[in-house]
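Quick notes on the structure that follows.
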Amino acid sequence: MANPIIAPFPSTRLRRMRRTANLRAMISETDLSAANLIWPIFVTEVAGAEGEIPSMPGVERLTLDGAKRAAERAARLSIPAICIFPHSDQELRTETCERAWDPDNIGNRAIRAIKEAVPELAVMTDIALDPYNINGHDGFVVDGEILNDETVEALVKMALAQAEAGADILGPSDMMDGRIGALRAALELEGHKDVAILSYAAKFASAFYGPFRDAVGASGRLVGDKKTYQINPGNRQEALRCVARDLAEGADMVMVKPGMPYLDICREVKDRFAAPTFAYQVSGEYAMLEGAIRNGWLSRDAMLESLLAFRRAGCDGVLSYFAPAVAEMLA
Ligand SMILES: NCc1[nH]cc(CCC(=O)O)c1CC(=O)O
């Protein structure tokens, strides 16, 4: 970092450059635009499950038609990418999770519908077994253990189905070891060399995912917790090793998740690896901010400030449920 030279007061008065809006604009260090946003949406195949998610006020589960309209809205607002999270038929969850790689599962149908409606919009997916798993885990569970290598094989099948459906960016969120390398190799082999991987590389075992699990119908299902695969929230060095490992295995971009409580990790990842770096402002962060805004306890500027903070911390972009609202404010 540069060594700023500060003349003694009153020669230096830092308030001189804060006096008017134009002076402030001239020395503004960080910007936020719609191009920095990825919009996560929930798509359901269950009749009657569409509509607002109680723990995420303002966020809805969408039908396929709703997903198409969201894609059109994203394009109008210059949001470059949308990320699809499936809410699948709860009755069809199984221990063997075969619907995860069914070309006609709701996630894959949503990819096709959106690519058809708005071909230029980048479509990102989630790779993990939890939307289709009877016990809500991201991997196969046998005798209470989350199996790593068997899960990776399933994730590869899931990824190929998504790539086949037209996904531009795959987002493995499962935290199994070795999955990035396995996905990259399979994509090369199966003719999907240009499909990008945005790895959920530094994903912590967080209490902030609660509302998301409500949204995808996993809350009541989850047996135990995800601490045998997601990172201990206190572990900075382990998070950096995960990022290094995923980049070495062929990830194009990396993610830190959750976001606001982990801005130190964002900064460190960007400085160390100089790779495209994203953060996920997760459901619990959204719920806190939106809840306070709806109660009149915070102004909507808190939303903008929270996203600007990710940019200041070195992130190229942010997955945020605020994406459309913020893009509208910025337009
Ligand atoms: N594969 C699961 C997944 N993918 C994205 C999120 C959380 C996103 C959010 O909270 O907004 C989760 C939840 C979890 O790990 O239990």
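Each ligand, and each atom within it, is numbered from 1 in the order the structure gives. In this text the structure is predicted, and so the values were computed from the model without any measurement.
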Problem - Ligand-residue contact atoms, ligand 1 with Ala128, heavy atoms, under 4.0 Å - result: 1 (N)
Exercise for the section: Considering heavy atoms of the protein only, find what lies nearest to atom 8 (C) of ligand 1 and give residue, atom and distance to 0.1 Å. Expected result: Phe212 CD1, 3.3 Å
Fill in the blank from the handout: Rounded to the nearest 0.5 Å, the NZ atom of Lys157 sits from the CD atom of Glu153 at a distance of 7.5 Å
Handout entry: salt_bridge(Asp177, Arg245) N-O dist < 4.0 Å
Key = yes
Exercise for the section: Considering only NZ, NE, NH1 and NH2 on the basic side and carboxylate oxygens on the acidic side, decide whether Glu268 and Arg236 come within less than 4.0 Å. Expected result: yes
Handout entry: Under-4.0 Å heavy-atom contact with ligand 1, by part of Asp130 that carries it
Key = side chain
Handout entry: Tyr286 to ligand 1, any heavy atom closer than 4.0 Å
Key = no
Exercise for the section: Report the nearest protein non-hydrogen atom to atom 14 (C) of ligand 1: residue, atom name, distance rounded to 0.1 Å. Expected result: Lys226 NZ, 3.3 Å
Practice task
First locate atom CD1 of Ile231, then atom CZ of Arg241, and finally report the distance between them rounded to the nearest 0.5 Å.
Solution key: 10.5 Å
Completion exercise
Going by the 4.0 angstrom heavy-atom rule, the piece of Asp174 near ligand 1 is neither
Problem - ligand 1 to Tyr200 polar contact by distance, N or O atoms, under 3.5 Å - result: no
Practice task
Applying side-chain contact (heavy atoms from CB on, under 4.5 Å) between Ile106 and each of Ile84, Thr63, Asp89, Val43, report the one that passes.
Solution key: Val43
Problem - Close approach of Lys203 to ligand 1, heavy atoms, under 4.0 angstrom - result: yes
Practice task
Would you mind checking which non-hydrogen protein atom is closest to atom 1 (N) of ligand 1, with the distance to 0.1 Å?
Solution key: Ser173 OG, 2.7 Å
Handout entry: 4.0 Å heavy-atom contact, Lys257 with ligand 1
Key = yes
Exercise for the section: Rounded to the nearest 0.5 Å, what's the gap from CD1 on Ile27 to CG on Asn22? Could you check? Expected result: 12.0 Å
Exercise for the section: Determine, for Arg112 against Asp104, whether the closest basic-nitrogen to carboxylate-oxygen distance falls under 4.0 angstrom. Expected result: yes
Completion exercise
Under 4.0 Å from one or more heavy atoms of Asp138, ligand 1 contributes atoms 1 (N), 2 (C)
Practice task
Could you tell me if the ring centre of Phe212 sits under 6.0 Å from that of Phe42?
Solution key: yes
Exercise for the section: Just let me know how Ser283 lines up against ligand 1, side chain, backbone, both or neither, with a heavy-atom cut-off below 4.0 Å. Expected result: both
